[in-house]
2 protein chains.
Amino acid sequence: MKQQKKYNISVEATLEVIGGKWKCVILCHLTHGKKRTSELKRLMPDITQKMLTQQLRELEEDGVINRIVYNQVPPKVEYELSEYGWSLKGILDSLCAWGEKHIAKVYGSMDVLEENVLNEHLK
Amino acid sequence: MKQQKKYNISVEATLEVIGGKWKCVILCHLTHGKKRTSELKRLMPDITQKMLTQQLRELEEDGVINRIVYNQVPPKVEYELSEYGWSLKGILDSLCAWGEKHIAKVYGSMDVLEENVLNEHLK
DNA sequence: TAATATAGGTACTTATAAGTGCCTGTAAAG
DNA sequence: CTTTACAGGCACTTATAAGTACCTATATTA
């Protein structure tokens with residue numbers, strides 16, 4: 001049991017787990033399946049190696065992702081949503097969907113979305 | 001139309017609007033109805049006046065809340081979700097609900113949630 | 001008559017989040 | 001035989017988010 005702490009509203013607890021610049025992005029990618037570190041890095045060209053590792057550690061510590069280490073050389077590590085992490089699926093999907101609509105509203109088109117595997121369904 | 005910008009995944013656009021330490025909290029409170037600045041301040045004891053105003057301005061600029069000014073002295077200003085803001089209702093509710101479950105999981109009880117109007121349904 | 005509530009603004013400072021650069025070790029490919 | 005991919009660690013620096021302190025103006029209340 002963690003040290004006592006007070007929240008004024010429950011959403012603060014959620015933000016402690018998935019808040020920040022990168023965590024939702026990482027989790028969204030993981031809703032599409034297990035990913036290796038290098039795959040995640042390619043999917044998020046702007047994240048630094050350090051931030052990626054750091055965020056993955058924190059997500060793991062909060063129990064929303066699993067880290068799978070294969071004992072081989074060169075090293076292979078995969079990340080996946082844990083069972084607990086899958087309980088965020090609805091939220092993550094909604095966040096992505098809202099973002100798409102917001103982009104359409106603000107920019108009038110989807111041109112600001114980089115073309116990649118995840119955005120295939122928009123074409 | 002805003003200046004062109006690239007997103008790698010649509011959730012990034014969502015986070016530009018509701019990301020950060022306070023915006024989701026403010027919006028959650030507003031899903032329970034129109035609120036005056038001072039009411040919001042009381043609901044969020046840890047936010048500073050400056051941050052509250054700043055976040056409200058940004059939310060207004062992004063079109064998710066409306067600012068209603070009554071021309072009277074002492075001044076009266078109310079904030080409410082805009083029609084566009086209401087499209088976030090599902091997400092905000094889910095974030096709160098997940099937070100409640102997370103608190104129960106991590107702390108084993110709801111004791112870390114301050115008792116206030118919003119958390120009445122938990123007793 | 002002095003304090004309080006109201007909704008802020010502004011300059012400055014601090015805390016935290018994020019980024020940079022350089023390092024490990026090995027196997028396979030060029 | 002040098003380079004690349006792989007998954008990181010660590011010290012240091014910078015950017016951004018957030019906080020502090022002090023200011024405006026007025027009507028009502030104690």
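Computed from heavy atoms alone, side chains included, the values below leave out hydrogens, waters and symmetry copies. Here the structure is a predicted model, which means the values were calculated and not measured. Letters A, B, ... are given to chains in the order of the sequence lines, protein chains preceding strands, and every chain is numbered from 1.
Counting non-hydrogen atoms under 4.0 angstrom, A:Tyr79 reaches the backbone sugars and phosphates but no base.
Put simply, B:Arg67 has a side-chain N or O that comes within less than 4.0 Å of OP1 or OP2 on C:dG8. Look at A:Arg36 and you'll find a side-chain N or O under 4.0 angstrom from OP1 or OP2 of D:dA7. B:Thr53 has no side-chain polar atom (N or O) that falls below the 4.0 Å cut-off from OP1 or OP2 of C:dA7. Phosphate contact (OP1/OP2 of C:dG8, side-chain N/O of B:Thr37, threshold under 4.0 Å): present.
Atom pair A:Glu78:CD and D:dA5:P shows a separation of 19 Å (rounding to whole Å applied). What separates CG of A:Leu40 from C1' of D:dG8 is a distance of 14 Å, to the nearest Å. Across the protein-nucleic acid pair, A:Gln72 atom CD and C:dA28 atom P stand 11 Å apart, rounded to whole Å. When the P atom of C:dA28 is taken as reference, atom NZ of A:Lys76 falls 15 Å away, rounded to whole Å. As a whole-Å value, the separation of A:Leu52 CG from D:dA7 P is 10 Å. The distance from atom CG of A:Asn71 to atom P of D:dC6 is 18 Å, rounded to the nearest whole Å. Straight-line distance from the CG atom of B:Leu56 to the C1' atom of C:dG9: 15 Å, rounded to whole Å.
Scanning for side chain to side chain contact (heavy atoms under 4.5 Å, CB included) contacts around A:Glu83 gives an empty result, with sequence neighbours left out. For the salt bridge (Lys or Arg N to Asp or Glu O under 4.0 Å) test, residues two or more places apart in sequence or in another chain that qualify with B:Glu58 are B:Lys23. Every residue meeting the side chain to side chain contact (heavy atoms under 4.5 Å, CB included) condition with B:Gln72, not counting sequence neighbours, appears here in chain and number order: B:Tyr70, B:Lys76.
Note that the SG atom of A:Cys96 and the CD atom of B:Glu12 stand 9.5 Å from one another [nearest 0.5 Å].
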Extract all donor-acceptor atom pairs below 3.5 Å that involve side chains of residues 87-95 of chain B and protein atoms in other chains or at least two apart in sequence.
unit_1  : atom_1 : unit_2  : atom_2 : d
B:Ser87 : OG     : A:Trp98 : NE1    : 2.9
B:Ser87 : OG     : B:Tyr84 : O      : 2.5
B:Lys89 : NZ     : B:Asp93 : OD2    : 2.6
B:Ser94 : OG     : B:Gly90 : O      : 2.8

For residues 41-48 of chain B, please give each side-chain donor-acceptor pair under 3.5 Å, one per line with the distance, not counting sequence neighbours.
unit_1  : atom_1 : unit_2  : atom_2 : d
B:Lys41 : NZ     : B:Pro45 : O      : 3.4
B:Lys41 : NZ     : B:Ile47 : O      : 3.0
B:Thr48 : OG1    : B:Met51 : N      : 3.2

Base, backbone or nothing for each nucleotide of nucleotides 15-30 of chain D, written B, S, -, heavy atoms under 4.0 angstrom, 5' to 3'?
---BBB-----SS---

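Hydrophobic clustering (side-chain heavy atoms under 4.5 Å, transitive across Ile, Leu, Val, Met, Phe, Trp, Tyr) keeps A:Leu59 apart from A:Ile68.
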